[in-house]
There are 2 protein chains.
Amino acid sequence: MSGFVPGDSFLADCPGRLTVELIADKWTVVVLYGLSKGPVRHGELIELIGGISRKMLTQTLRRLETHGLITRHAYAEVPPRVEYELTPLGATLIDPIHMLTEWARANGDAVLDALEADPQPVTHGD
Amino acid sequence: MSGFVPGDSFLADCPGRLTVELIADKWTVVVLYGLSKGPVRHGELIELIGGISRKMLTQTLRRLETHGLITRHAYAEVPPRVEYELTPLGATLIDPIHMLTEWARANGDAVLDALEADPQPVTHGD
DNA sequence: CAGGCTATGTTTCTGATAGGAACCAGCAGG
DNA sequence: CCTGCTGGTTCCTATCAGAAACATAGCCTG
């Protein structure tokens with residue numbers, strides 16, 4: 001192998017690995033980013049994120065809630081108002097998430113550029 | 001909204017957002033982590049990662065390759081030997097990835113703990 | 001008072017995707 | 001000739017994502 005020592009690896013069935021699989025998700029990262037500036041409403045997230053359906057947003061928020069990363073505060077008003085907010089635990093995720101998003105912002109063009117340059121051999125295509 | 005200014009947001013259809021969706025993926029993060037120490041063979045990744053099928057690994061590697069994050073070097077030997085390695089661009093992802101994995105390693109227990117504590121209302125379950 | 005509006009969430013249906021297992025290539029060795 | 005090694009692909013199915021319609025529940029309008 002390469003330089004992996006037993007205790008170093010989260011590459012197995014362990015809490016760390018499961019947690020990576022929890023947040024390493026298309027919508028999860030974006031939602032957490034959307035919550036990184038403070039409490040946000042459901043509808044605000046829909047507009048802010050763009051492209052996510054209500055279903056996926058609710059589903060993602062629920063998962064984060066049950067994992068203790070965000071809280072859900074529903075005000076008993078009409079029309080309903082629901083705010084989501086990072087928990088202290090969830091707040092510690094802001095830094096990693098921001099590093100990722102900053103990297104994407106900085107290198108997004110290079111990545112898409114490489115994609116254009118590679119006309120994808122299409123090994124078994126057609 | 002909260003504190004999002006127009007230029008700040010990657011929350012739209014832009015290179016940054018697309019790139020986040022590229023790497024914010026269950027296997028992608030783990031594979032990149034597996035490659036972070038140097039060139040690794042296909043079979044090594046299978047064992048190292050654990051739980052990934054050859055199909056998903058190949059698929060993930062191909063996607064990373066076409067996006068310019070890794071290179072694939074196939075040696076014309078028998079039995080075949082194929083090594084994957086981060087490109088310079090891909091290497092700049094190590095820091096963000098490691099921050100994420102370190103967070104997961106540190107907080108994995110807390111996350112799973114919260115999951116146990118929340119017996120998930122099961123809104124429409126059953 | 002009927003009907004529409006609001007914001008959140010759920011249901012339904014369908015197309016895409018992940019996952020597993022079997023199969024393929026190509027050569028070395030018994 | 002048959003087996004094994006390694007990387008990769010194909011097939012099939014269970015699961016998931018996405019879109020759109022429906023549900024709720026009170027307020028506002030006509």
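Each chain gets a letter, A, B and so on, in the order the sequences are listed, and its residues count up from 1.
The CE-P distance, from A/Met56 to D/dT15, rounds to 16 Å in whole Å. Note: CD (B/Glu44) to P (D/dG8) measures 13 Å, nearest angstrom. Here C/dT8 presents its P atom at 13 Å from CD1 of A/Ile49, a figure rounded to the nearest Å. When the P atom of D/dA17 is taken as reference, atom CZ of A/Arg54 falls 18 Å away, rounded to whole Å. Between A/Glu47 atom CD and C/dA7 atom C1' there is a gap of 11 Å when expressed in whole angstrom units. Rounded to whole Å, atom P of C/dA7 lies 14 Å from atom CG of A/Leu45. Straight-line distance from the CD atom of B/Gln59 to the P atom of D/dT9: 10 Å, rounded to whole Å. For the pair A/Ile52 CD1 and C/dG9 C1', the computed distance is 14 Å after rounding to whole Å.
Side-chain N/O atoms of A/Trp27 include one lying less than 4.0 angstrom from OP1 or OP2 on D/dG18. At D/dT6, none of the side-chain N or O atoms of B/Arg41 fall inside 4.0 Å of OP1 or OP2 (strictly under the cut-off). Here A/Lys26 reaches the OP1 or OP2 of D/dG18: one of its side-chain N or O atoms lies under 4.0 Å away.
Using a 4.5 Å heavy-atom cutoff, the side chains of B/Glu102 and B/Met99 are not in contact. In this structure, the side chains of B/Thr19 and A/Trp103 come closer than 4.5 Å at one or more pairs of heavy atoms. Annotation: side chain of A/Asp25 is not in contact with side chain of A/Val29 (no heavy-atom distance under 4.5 Å). Counting only heavy atoms from C-beta outward, the side chains of B/Asp95 and B/Thr92 never approach each other to under 4.5 Å.
Out of C/dT11, C/dG9, C/dG19, the shortest distance to the side chain of A/Lys55 is found at C/dT11.
Checked against the 6.0 Å centroid criterion, the rings of B/Tyr84 and B/His73 do not qualify as a close aromatic pair.
Of the residues in residues 74-87 of chain B, those placing a heavy atom less than 4.0 Å from an atom of DNA chain D are B/Pro79, B/Pro80, B/Val82, B/Tyr84, in numerical order.
Take B/Ile46 and apply the side chain to side chain contact (heavy atoms under 4.5 Å, CB included) test, not counting sequence neighbours, and it matches B/His42, B/Ile52, B/Arg54, B/Leu57. Residues passing the side chain to side chain contact (heavy atoms under 4.5 Å, CB included) test with A/Leu22 are A/Arg63, A/His67, A/Leu69, B/Val111, sequence neighbours excluded.
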